[in-house]
Amino acid sequence: PRRAVLAARRLDDAVDDRGAVDAEDDADAVVIRLDGRQDPRAAPEVASSSNGPQITLGASVDEVYQYGQARMKAGQLLDALAAFEDVTERAPQHDLADNAMYWTGACHAQRANHKLALDVWQRLPIRFPKSPKVPDALYGMAQSHEALGEPALAETLYLELVTQYPKAE
């Protein structure tokens, strides 16, 4: 069957400072292989194999999002990032697009790449101003500023969060 297989090795070397995956410079970094498929822009689908879930061609946005959630919980953050970014880019009007964008930032933060996390979370309220994930993004931004040694910025964001979203968890 035609399937796209994402194989990841030496994950920390696979992502540059902007969060882009660069497989050309490091053949062992991230490889996306399309077996027998002529249109690489086709949407992936999720399938299972002996190596765990894989993204294959034809998956729904919901399936790709669920795949990202599963990969994130398993600590396979680059796989999760790829899935969440696919959801956000392929279906920007989908109900899960704002969640996918939030989790993209969370994956970057878990990888200790707080500058990328901040970049993603700062764009979330602009792109999805009515999203219920906006308070979560503000909280994540505050935590990332703390991790970067910027307590004054973190405090400002915490105050903004409490002021603008007093009922947020």
Side-chain angles (χ1 to χ4, degrees), residues 4 6 8 11-26 29-30 32 40-44 46 55 59-169:
L6 179 67
L11 301 179
D12 291 332
D13 297 334
V15 177
D16 67 16
D17 290 338
R18 296 177 323 247
V21 176
D22 186 4
E24 290 182 24
D25 291 341
D26 186 351
V30 173
I32 298 175
R41 295 167 294 165
V46 178
I55 297 178
S60 71
V61 171
D62 292 333
E63 290 170 322
V64 174
Y65 180 84
Q66 293 305 320
Y67 172 85
Q69 288 286 306
R71 296 297 68 167
M72 187 176 63
K73 288 176 185 169
Q76 297 172 340
L77 299 175
L78 284 181
D79 287 348
L81 279 166
F84 293 137
E85 287 174 351
D86 180 64
V87 169
T88 306
E89 291 171 17
R90 182 164 46 112
Q93 302 305 318
H94 193 278
D95 290 343
L96 293 172
D98 59 334
N99 288 350
M101 189 172 203
Y102 170 77
W103 291 116
T104 298
C107 286
H108 286 306
Q110 285 181 33
R111 295 184 74 240
N113 196 332
H114 295 285
K115 289 183 181 186
L116 277 176
L118 284 166
D119 180 58
V120 172
W121 284 329
Q122 287 171 346
R123 288 183 283 129
L124 193 143
I126 296 165
R127 191 163 174 189
F128 304 102
K130 296 181 181 182
S131 170
K133 284 297 189 185
V134 170
D136 296 330
L138 285 172
Y139 184 74
M141 288 178 358
Q143 288 185 313
S144 285
H145 279 297
E146 278 190 272
L148 291 169
E150 302 167 341
L153 290 172
E155 183 177 354
T156 300
L157 287 169
Y158 287 131
L159 290 172
E160 182 180 341
L161 177 62
V162 172
T163 303
Q164 289 186 10
Y165 303 95
K167 296 180 181 180
E169 291 180 22

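Note that the coordinates shown come from a computational prediction; the quantities given were computed from them, not determined experimentally.
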Enquirer: Near E155 CD, under 6.0 Å, is it more than 12 heavy atoms from other residues, nucleotides or ligands?
Expert: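 Atom CD in E155 is not packed in, count stays at 12 or less.
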Enquirer: How far does CD of E150 sit from OG1 of T156, to the nearest 0.5 angstrom?
Expert: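 Between atom CD of E150 and atom OG1 of T156 there are 11.0 Å.
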Enquirer: Could you work out, with side-chain hydrogen bond (donor to acceptor under 3.5 Å, both in side chains) as the rule, every residue matching S144, not counting sequence neighbours?
Expert: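 Partners of S144 under the side-chain hydrogen bond (donor to acceptor under 3.5 Å, both in side chains) test: H114.
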Enquirer: For the residue pair T88 and A97, what are the closest heavy atoms and their distance?
Expert: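 Here T88 and A97 meet closest at OG1-O, 3.6 Å.
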Enquirer: Working note: L77 + M72, criterion side-chain contact (heavy atoms from CB on, under 4.5 Å); need CA distance, chi angles, decisive distance, verdict.
Expert: CA-CA 5 Å; L77 299 175; M72 187 176 63; 4.0 Å; yes
Enquirer: Which pair of heavy atoms, one from D98 and one from P132, lies closest together, and at what distance?
Expert: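 Between these two residues, the closest heavy atoms are OD2-CD, 3.8 Å.
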Enquirer: Going by side-chain hydrogen bond (donor to acceptor under 3.5 Å, both in side chains), name the residues that satisfy it together with R123, two or more places apart in sequence or in a different chain.
Expert: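 For R123 the side-chain hydrogen bond (donor to acceptor under 3.5 Å, both in side chains) partners, ignoring immediate neighbours, are D119.
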Enquirer: Which value, rounded to the nearest 0.5 Å, describes the distance between L159 atom CG and L138 atom CG?
Expert: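 It is 11.5 Å, given to the nearest 0.5 Å.
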Enquirer: Say you draw a straight line from CG of L161 to CE of M141; how long is it, rounded to the nearest 0.5 Å?
Expert: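 Here the rounded value is 9.5 Å.
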Enquirer: Looking only at heavy atoms, which two atoms of E63 and A59 are closest? And how far apart?
Expert: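 Closest heavy-atom pair between E63 and A59: OE1-CA, 3.4 Å.
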Enquirer: For a ring-ring contact (aromatic ring centres under 6.0 Å, His included) with Y65, tell me which candidate from Y102, F84, W103 qualifies.
Expert: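 Per the ring-ring contact (aromatic ring centres under 6.0 Å, His included) rule, the option paired with Y65 is F84, out of Y102, F84, W103.
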Enquirer: So which heavy atom on A80 is nearest to which on C107, and how close?
Expert: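 That closest heavy-atom pairing would be CB-SG, 3.8 Å.
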Enquirer: Specify the closest pair of heavy atoms between A100 and V87, including all atoms of both residues, with the distance to one decimal.
Expert: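 What the structure gives for the nearest pair is CB-CG1, 3.7 Å.
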Enquirer: For S131 and P135, which heavy atoms make the closest approach, and how far apart are they?
Expert: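 Result for this residue pair: O-CD, 4.2 Å.
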Enquirer: Distance from L118 atom CG to Q122 atom CD, nearest 0.5 Å?
Expert: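 Reported to 0.5 Å precision, the distance equals 5.5 Å.
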Enquirer: Got a sec, which pairs hit salt bridge (Lys or Arg N to Asp or Glu O under 4.0 Å) with one end in residues 125-147, sequence neighbours left out?
Expert: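 Sorted pair list: K133-D136.
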Enquirer: Take L81 and R111 through the side-chain contact (heavy atoms from CB on, under 4.5 Å) test and state the conclusion after the steps.
Expert: CA-CA 11 Å; L81 279 166; R111 295 184 74 240; 4.1 Å; yes
Enquirer: Under the ring pair (Phe, Tyr, Trp, His ring centres under 6.0 Å) rule, collect the residues that match up with F128, sequence neighbours excluded.
Expert: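 F128 satisfies ring pair (Phe, Tyr, Trp, His ring centres under 6.0 Å) with no residue once adjacent residues are dropped.
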Enquirer: Who pairs with Q164 by side-chain contact (heavy atoms from CB on, under 4.5 Å), at least two apart in sequence or on another chain?
Expert: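 Listed in chain order: E160.
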Enquirer: Do L148 and L153 have side-chain heavy atoms sitting under 4.5 Å apart?
Expert: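 A side-chain contact under 4.5 Å is absent here.
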Enquirer: Tell me which pairs pass ring-ring contact (aromatic ring centres under 6.0 Å, His included) where either residue lies in residues 129-169, with sequence neighbours left out.
Expert: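 Listed once each, the pairs are Y139-Y158.
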